[in-house]
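Working notes for the structure below.
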Amino acid sequence: MPDNDFGPIAEPIFNKVAIIGLGLIGSSLARVVRLRNIARSVVAADSSQAVCDRVMALGIADEAHTGVADAVVGSDLVILCVPVGAFRDVGAQMSSHLVPGAIVSDVGSVKSAVVDALSAFIPEGVHLVPAHPVAGTEYSGPDAGFSTLFRNRWCIITPSESTCGEAVDKIQAFWAACGANVERMTPAHHDLVLAITSHVPHLIAYNIVGTAADLEEVTQSEVIKFSAGGFRDFTRIAASDPTMWRDIFLANKGAVLEMLGRFNEDLAALQRMIRWGDGQGLFELFTRTRAIRRSIIEQGQETPVPDFGRGGPDQFK
Ligand code: NAP
């Protein structure tokens, strides 16, 4: 999408949007909602007073509160942008303050557990439309956000079959206005897809960086010095927020364990190829995997620039 297509939209989709949790994702949403005039006002809620102060200093919300209820009152859209483990707590705080007709959505990286956590807190006449923007960086906090984070990225929405169609369409329009391509699927399917495309890769990165940190025969300084051999790409992922990722693995246990089972079988097959000198088998697999990387680049989800991933958030702007 060229830059001049990312200005204000013709008519705001919502009147007042409450964003709960103003970290990387919440603050990016606040920025793009303001930039594109997607809602008439943006109200922020974050448990941290320092974050609220920073949000006001950055000028990315009209109000910022440490209490969820203060932000939710009168909002026609409430979006939870806190770690998944905090959803139940936020749900309990907001429930009795939601106005009839309001839409509750979220950005959580797992979906079945989020529906389980929130359903009990959605009153009659309020619509739950869960969503997950598949976009992010390894940085956290309100200063890490930027308005183009969701541009040309996918956002998966997982409404139930009984969800009001108008509410689902509004959330779809909301994410499209944020620059995202929107796809709908069931929460269970979302969790399986993300287990292999995001959750297991993060687990592998956490594991390999942990293994390197524990090595005795190779010194820490050697690991850091020679990291350009591949290790540093894993360290970028393994620098992701510990709270967020702890919550994701606990909340998507079933799908992650299923994909890890497959991963372990394939790893054992690779081990066997190396042990028995099966060069042909290794070459065939590496050729197939290279083609997947090319398809990701062709579909605009990655750039062919060799140092991608090392430029910090500015690379996406
Ligand atoms: P983040 O930068 O750590 O921000 C989370 C914010 O929520 C922090 O300011 C935190 O305050 C606040 N918070 C925590 N518990 C709260 C509560 N009970 N009430 C109000 N505020 C609370 O996290 P993030 O990366 O934006 O991730 C937020 C959500 O987006 C997660 O559910 C994650 O699964 C999802 N997501 C993340 C990415 C990614 O790449 N980062 C991508 C897609 C989706 P404190 O710091 O004081 O705890």
Side-chain angles (χ1 to χ4, degrees), residues 18-32 43-56 58 60-61 64-72 78-95 97 104-115 117-118 121 130-146 149-151 153-158 175 178 180 187 190-191 193-195 197-199 201-202 205-206 236-252 256 301 309 312-313 316:
I19 299 176
I20 319 295
L22 271 287
L24 168 71
I25 303 293
S27 75
S28 295
L29 267 182
R31 285 173 169 95
V32 66
V43 182
D46 198 288
S47 49
S48 152
Q49 183 62 53
V51 170
C52 290
D53 293 345
R54 188 68 192 137
V55 163
M56 293 312 285
L58 288 167
I60 56 176
H65 304 273
T66 50
V68 170
D70 294 323
V72 164
V78 177
I79 309 185
L80 275 64
C81 303
V82 296
V84 171
F87 272 48
R88 219 173 275 277
D89 172 42
V90 171
Q93 290 183 58
M94 73 179 176
S95 186
H97 304 279
V104 173
S105 191
D106 75 299
V107 296
S109 306
V110 297
K111 294 274 65 92
S112 303
V114 158
V115 174
L118 286 183
F121 301 111
H132 174 207
V134 187
T137 72
E138 66 276 30
Y139 299 98
S140 303
D143 286 289
F146 50 99
L149 176 63
F150 311 110
R151 232 171 141 184
R153 296 284 165 256
W154 285 97
C155 180
I156 300 169
I157 57 176
T158 64
W175 280 105
C178 292
H190 166 278
D191 291 350
V193 172
L194 269 292
T197 56
S198 170
H199 306 170
H202 274 79
Y206 282 124
R236 183 182 67 77
I237 299 178
S240 300
D241 188 71
T243 306
M244 169 181 152
W245 282 96
R246 175 202 63 197
D247 289 359
I248 288 172
F249 290 118
L250 296 179
N252 199 22
V256 168
Q301 297 300 306
F316 300 101

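Start at 1 and go down the list; that is how both ligands and their atoms are numbered. None of these values were measured; they are calculated from a predicted model.
- Close N/O approach between S109 and ligand 1 is found [any backbone or side-chain N/O within under 3.5 Å].
- Heavy atoms of S47 found under 4.0 angstrom from ligand 1 belong to the backbone as well as the side chain.
- In this structure, D241 contributes its side chain and S140 its backbone to no donor-acceptor pair below 3.5 Å.
- Inside a 4.0 Å radius of atom 23 (O) of ligand 1 there is not any protein heavy atom.
- Under 4.0 angstrom from ligand 1, the non-hydrogen atoms of H132 all belong to its side chain.
- Contact annotation: for A144 versus ligand 1, there are no heavy atoms closer than 4.0 Å.
- In this structure, T243 does not count as a contact residue of ligand 1, since none of its heavy atoms falls inside 4.0 Å of the ligand.
- Polar contact check, I20 against ligand 1: no nitrogen or oxygen pair lies under 3.5 Å apart.
- Classification of the H199-W245 ring pair by plane angle, with boundaries at 30° and 60°, yields perpendicular.
- Relative to atom 39 (C) of ligand 1, the option among M244, E138, M94 with the closest non-hydrogen atom is M244.
- Of the N or O atoms in G141, one or more lie within a sub-3.5 Å distance of an N or O in ligand 1.
- The shortest N/O to N/O separation between Q93 and ligand 1 does not fall below 3.5 Å.
- Distances from atom 45 (P) of ligand 1 to the protein include no heavy-atom value under 4.0 Å.
- Not one N or O on the side chain of S95 forms a donor-acceptor pair closer than 3.5 Å with the backbone of G91.
- Looking from atom 11 (O) of ligand 1 to the surrounding protein, the closest heavy atom is D46 OD1, 3.3 Å.
- Residue-ligand proximity, V84 to ligand 1, at heavy-atom distances under 4.0 Å covers atoms 32 (O).
- Backbone and side-chain nitrogen or oxygen atoms of I25 are examined, and one is located within less than 3.5 angstrom of a nitrogen or oxygen of ligand 1.
- Residue contacts with ligand 1: V51 is placed with no nitrogen or oxygen under 3.5 Å of a nitrogen or oxygen of the ligand (distance criterion only).
- By the definition of a contact as any protein heavy atom under 4.0 Å away, atom 48 (O) of ligand 1 is not in contact.
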